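Nothing fancy with the numbering, it's 1 onward along the sequence. What you are looking at is a predicted structure, and each value in this text was computed from that prediction instead of being measured.
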Amino acid sequence: MSNICSNTLYAYSEDSSNVNAVNTWFNNNYEEFDTEIIDDNSVEYYFDSKWTFPLELMDELYASIPNKSDIYMRCLSVEYGCDYVAYHKCDENGWYPVV
């Protein structure tokens, strides 16, 4: 049995094409996820990954953003079986861990 990591990703941009790109990316790359639209500029996604924060997939998400100068994302990843917790942020320079 594999350990499943629960992820909560928040995305914000004043550029609606960025928010649309994030939504399109999730629809194309995840079969199961939940979405909460906060307002026209921000949205949250709840999705699972194997074991840890899915950095390779999140790098692909970042690459799909059309206006990288106007993006803010953060992701909290938790896997209770191994007491794993990670917090990452993403800005115009890409993803980085927050310690």
Next item on the list: Identify whether I71 and Y10 are in the same connected component of the hydrophobic contact network (ILVMFWY, side-chain heavy atoms under 4.5 Å).
Entry: no
Margin query: Quick check for you: to the nearest 0.5 Å, what is the distance between Y62 atom OH and L55 atom CG?
Written below: 12.5 Å
Next item on the list: Mind checking the CG-CG spacing from D15 to D70? Nearest 0.5 Å is all I need.
Entry: 5.5 Å
Notebook entry, point to check: Roughly how far, to the nearest 0.5 Å, is the CG atom of N29 from the CD atom of E31?
Noted result: 11.0 Å
Notebook entry, point to check: Donor-acceptor pair, N67 side chain versus S17 backbone, under 3.5 Å?
Noted result: no
Item checked: Close side-chain approach of D91 to Y96, heavy-atom, < 4.5 Å -> yes
Check: Side chains of Y30 and W25: closer than 4.5 Å at any heavy-atom pair?
Finding: yes
Item checked: 4.5 Å side-chain heavy-atom contact, N23 and Y45 -> yes
Which donor-acceptor pairs under 3.5 Å do side chains of residues 37-44 form with protein atoms, sequence neighbours excluded?
unit_1, atom_1, unit_2, atom_2, d
D39, OD1, N41, N, 2.8
D39, OD1, S42, N, 2.9
D39, OD1, S42, OG, 2.9
N41, ND2, S13, O, 3.0
E44, OE1, Y46, OH, 2.4

Check: Side-chain contact, heavy-atom cut-off 4.5 Å: L61 with F26?
Finding: yes
Next item on the list: May I ask whether F33 and Y12 are part of the same hydrophobic cluster, defined by side-chain heavy atoms of I, L, V, M, F, W, Y residues being less than 4.5 angstrom apart, directly or through others?
Entry: no
Margin query: Taking the side chain as everything from C-beta on, heavy atoms only, tell me whether P54 gets closer than 4.5 Å to F47.
Written below: yes
Item checked: pair E79-W51: side-chain heavy atoms closer than 4.5 Å -> no
Note to self: Counting C-beta onward and ignoring hydrogens, is there a side-chain heavy-atom pair between N3 and Y84 closer than 4.5 Å?
What the structure shows: no
Next item on the list: Spell out, as yes or no, whether a donor-acceptor pair under 3.5 Å connects the side chain of W95 to the backbone of M58.
Entry: yes
Next item on the list: Can you see which heavy atom on C5 is nearest to which on S77, and at what distance?
Entry: SG-CB, 3.6 Å
